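Quick note: numbers below take in every heavy atom, side chains included, and nothing from hydrogens, waters or symmetry partners. Nothing here was measured: the structure is a model prediction, and the numbers come from that model.
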Amino acid sequence: MTRIHNAWRIGDDIDTDQLAPGAYMKFGIADIARHCLEGVRPDFAAGVQPGDVLVAGRNFGIGSSREQAAAALVHLGVHAVIAPSYSGLYFRNAFNVGLLLLTCERAGEIADFEQIEIDLPNCRVLRADGAPLLCEPVPGFLLDMVRAGGLLPQLKRRLADGSLPRYPQRA
């Protein structure tokens, strides 16, 4: 079954403080998420719907290592972020909290509120007119982490089902 995603466009160099503003870091993720991107896209947090995607420019997630910058998008129901490049710290944090990131050099061609499809098996995004935009392949272990809802849920599931290796305790 194909799923259509509504695209929200933002620009280059979106830093973690724009995603999870420092003024709200003393609060829980629900409060932080209500202020996600308010400085660059004030309509985003109140308007984004579960399953929507965020389409960004270059250097998405630069700045601090705050995990809440990715968790805020997960809390808001964002299905994926599509951008030409990411901060290395943000990239790892996103998958750790279950957020799919697609690296797509031509992400800038996607229009604001365009309805798109994500074709993971073929590593591409299909635009509203059917034109494909190729993405870099996402390694299987990262896709597994996203499907599990993040690293911790994945580890808990693997521990419960016995698929996580157990090591002997040291005396």
Side-chain angles (χ1 to χ4, degrees), residues 5-114 116 118-120 123-125 133-155:
H5 305 280
N6 194 39
W8 292 75
R9 289 265 325 149
I10 53 175
D12 292 339
D13 303 316
I14 299 298
D15 65 37
T16 54
D17 198 51
Q18 292 167 322
L19 293 159
Y24 303 99
M25 292 300 290
K26 61 185 172 189
F27 302 110
I29 195 63
D31 289 318
I32 295 169
R34 277 196 287 276
H35 299 280
C36 184
L37 296 171
E38 69 186 1
V40 293
R41 187 77 201 244
D43 60 333
F44 179 74
V48 69
Q49 298 294 310
D52 287 355
V53 298
L54 186 60
V55 179
R58 298 193 177 288
N59 304 316
F60 186 78
I62 58 174
S64 74
S65 61
R66 61 181 76 157
E67 189 176 84
Q68 295 89 338
L73 295 176
V74 171
H75 184 81
L76 292 170
V78 171
H79 178 72
V81 178
I82 304 168
S85 61
Y86 302 89
S87 152
L89 285 170
Y90 188 87
F91 190 87
R92 190 61 209 194
N93 283 339
F95 283 98
N96 282 347
V97 298
L99 178 61
L100 176 63
L101 301 184
L102 297 174
T103 305
C104 180
E105 188 61 37
R106 295 172 47 205
E109 296 176 25
I110 300 169
D112 199 25
F113 298 115
E114 183 173 346
I116 62 171
I118 295 174
D119 178 7
L120 274 178
C123 305
R124 62 187 186 164
V125 173
L133 301 177
L134 296 180
C135 301
E136 292 180 13
V138 179
F141 77 97
L142 292 178
L143 289 176
D144 290 344
M145 200 179 303
V146 168
R147 289 183 189 111
L151 179 60
L152 289 178
Q154 180 185 44
L155 290 174

[Y] side chain reached by [X] side chain, heavy atoms, under 4.5 Å:
{"X": "N6", "Y": "Q49", "answer": "no"}
{"X": "I118", "Y": "H79", "answer": "yes"}
{"X": "L101", "Y": "Y90", "answer": "yes"}
{"X": "L19", "Y": "L37", "answer": "yes"}
{"X": "L151", "Y": "F95", "answer": "no"}
{"X": "F60", "Y": "I82", "answer": "no"}
{"X": "E38", "Y": "Y24", "answer": "yes"}
{"X": "V81", "Y": "Y86", "answer": "yes"}

Is any NZ, NE, NH1 or NH2 atom of the basic residue among D12 and R58 found under 4.0 Å from an Asp or Glu carboxylate oxygen of the other?
->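 R58 and D12: not salt-bridged.
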R66: partners by salt bridge (charged side-chain N to carboxylate O under 4.0 Å, His left out), with sequence neighbours left out |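 Salt bridge (charged side-chain N to carboxylate O under 4.0 Å, His left out) list for R66, sorted by chain: D17.
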Between the side chains of N59 and D13, is a donor N or O closer than 3.5 angstrom to an acceptor N or O?
-> yes
Between [atom1] on residue [X] and [atom2] on residue [Y], distance to nearest 0.5 Å:
{"X": "L100", "Y": "R147", "atom1": "CG", "atom2": "CZ", "answer": "9.0 Å"}
{"X": "C36", "Y": "Q68", "atom1": "SG", "atom2": "CD", "answer": "12.0 Å"}
{"X": "L134", "Y": "T103", "atom1": "CG", "atom2": "OG1", "answer": "13.0 Å"}
{"X": "S87", "Y": "I14", "atom1": "OG", "atom2": "CD1", "answer": "13.0 Å"}

Intermediate values then yes/no, side chain to side chain contact (heavy atoms under 4.5 Å, CB included), V125 and V55 | CA-CA 11 Å; V125 173; V55 179; over 6 Å; no
Quick check against the 3.5 Å criterion: does [X] have a side-chain atom that pairs as donor or acceptor with the backbone of [Y]?
{"X": "H5", "Y": "I116", "value": "no"}
{"X": "N93", "Y": "S65", "value": "yes"}
{"X": "D112", "Y": "R9", "value": "yes"}
{"X": "T16", "Y": "S64", "value": "yes"}

Going through the distances and angles, do N96 and L152 end up as a side chain to side chain contact (heavy atoms under 4.5 Å, CB included)?
-> CA-CA 8 Å; N96 282 347; L152 289 178; over 6 Å; no
